[in-house]
Amino acid sequence: MNGIPDGAPEAPEAPEPPATTRDRDPEGRARNARPRDGLGRPLPYGAPGVARQPEGVERSPREALTEAQDLLDRGLPFHAHEVLEDAWKMSPEPERQLWRGLAQLAVGLTHAARGNAKGGAALLLRGAGAIAPYADTVPYDIDIPGLTDWARDLADRLDGPVAAVANAPRLCGGGGTRTAE
């Protein structure tokens, strides 16, 4: 098992850089070019990995939720977190806590799937707390009560790695919880 969920696209192989240089993106910012597995863990240079989500993509809130849900459903919560993080950074001030909390839920699931029970639980609870104030407004049909219940339930039962697909939440339209493993 190489950590790549079935059906996930493989990232292009990157050559190993010389030890004296830093990986940089086209704009010159420092970026780690190592391939990553399906849970966002770095792999050795040249290893096959999962294609990363591009950063800084402007999406409508519904597009961000749809893309994040697809990634969660495919067992890629780290990548879903990147989509939600873009939405957080580009959202208007009144919504920033909502999008930040959703990103924290995705990265909490990432840590839980990696077996980091303590870190996963902390992020799940932090994310639940961040989105809870939006429960009365139901922005974008996000299932705030279902997601907060899901996060608290998963945080309470973490004691080792969990399957990301089996434990992925539903972000919108009711049904924030799923039958977990």
Side-chain angles (χ1 to χ4, degrees), residues 1-19 21-27 29-57 59 63-89 99-128 147 150-151 153-155 157-171 176-181:
M1 177 77 179
N2 61 6
I4 302 171
D6 291 339
E10 289 192 11
E13 291 188 19
E16 186 154 352
T21 64
R22 280 183 87 175
D23 299 335
R24 302 228 174 243
D25 67 12
E27 288 80 37
R29 293 180 304 232
R31 295 270 190 244
N32 188 325
R34 287 172 59 185
R36 302 221 174 217
D37 74 4
L39 295 174
R41 293 174 290 218
L43 299 168
Y45 286 102
V50 174
R52 289 182 166 180
Q53 292 303 116
E55 291 185 44
V57 176
R59 300 170 184 88
E63 289 170 332
L65 290 164
T66 299
E67 188 169 344
Q69 186 66 63
D70 176 63
L71 291 162
L72 289 167
D73 291 345
R74 292 174 32 215
L76 301 168
F78 177 81
H79 302 279
H81 135 267
E82 291 180 332
V83 169
L84 296 165
E85 188 174 83
D86 278 346
W88 159 31
K89 291 178 180 179
W99 293 102
R100 181 179 179 198
L102 292 171
Q104 288 169 330
L105 293 177
V107 82
L109 178 57
T110 300
H111 282 280
R114 291 177 179 174
N116 177 0
K118 183 176 180 179
L123 282 159
L124 289 164
L125 295 175
R126 189 177 312 145
L147 287 169
W150 165 82
D153 175 65
L154 183 56
R157 60 186 173 79
L158 286 178
D159 62 1
V162 299
V165 171
N167 288 280
R170 299 295 313 156
L171 298 175
T177 59
R178 287 187 179 180
T179 303
E181 47 181 43

Undergrad: Hey, is Arg52 close enough to Glu82 for a salt bridge, meaning N to O under 4.0 Å?
TA: no
Undergrad: Considering all heavy atoms of both residues, which atom of Leu124 and which atom of Leu109 are nearest to each other, and what is their separation?
TA: CD2-N, 4.0 Å
Undergrad: Going from NZ on Lys89 to CZ on Arg100, what distance comes out if it is rounded to the nearest 0.5 angstrom?
TA: 11.5 Å
Undergrad: What are the two closest heavy atoms between His79 and Gly38, and how far apart are they?
TA: CD2-O, 3.8 Å
Undergrad: Donor-acceptor pair, distance only, cut-off 3.5 Å: does the side chain of Gln69 make one with the backbone of Pro169?
TA: yes
Undergrad: Measuring from Trp150:CH2 to Asn167:CG, what's the distance to the nearest 0.5 Å?
TA: 8.0 Å
Undergrad: Any chance you could measure Leu76, atom CG, to Leu39, atom CG, to the nearest 0.5 Å?
TA: 8.0 Å
Undergrad: Nearest 0.5 Å please: distance from the CG atom of Asp70 over to the CG atom of Leu171.
TA: 11.0 Å
Undergrad: Heavy atoms only: give me the nearest Ala64-Ala87 pair and the separation to one decimal.
TA: CB-CB, 4.1 Å
Undergrad: Applying salt bridge (charged side-chain N to carboxylate O under 4.0 Å, His left out) as the test, list every pair that has at least one member in residues 101-127; sequence neighbours left out.
TA: none
Undergrad: To check you understand the geometry: which heavy-atom pair defines the closest contact between Ala117 and Leu158, and what is its length?
TA: O-CD1, 3.7 Å
Undergrad: Which heavy-atom pair separates Pro35 from Pro44 by the least distance, and what is that distance?
TA: CG-O, 3.4 Å
Undergrad: Measuring only between side-chain heavy atoms, which start at C-beta, is Val107 closer than 4.5 Å to Leu84?
TA: no
Undergrad: Heavy atoms only: give me the nearest Pro161-Ala113 pair and the separation to one decimal.
TA: CB-O, 3.7 Å
Undergrad: Measure the spacing between CZ of Phe78 and CG of Leu71 and express it to the nearest 0.5 Å.
TA: 11.5 Å
Undergrad: Can you measure from CG (Leu123) to NE2 (His81) and round to the nearest 0.5 angstrom?
TA: 9.0 Å
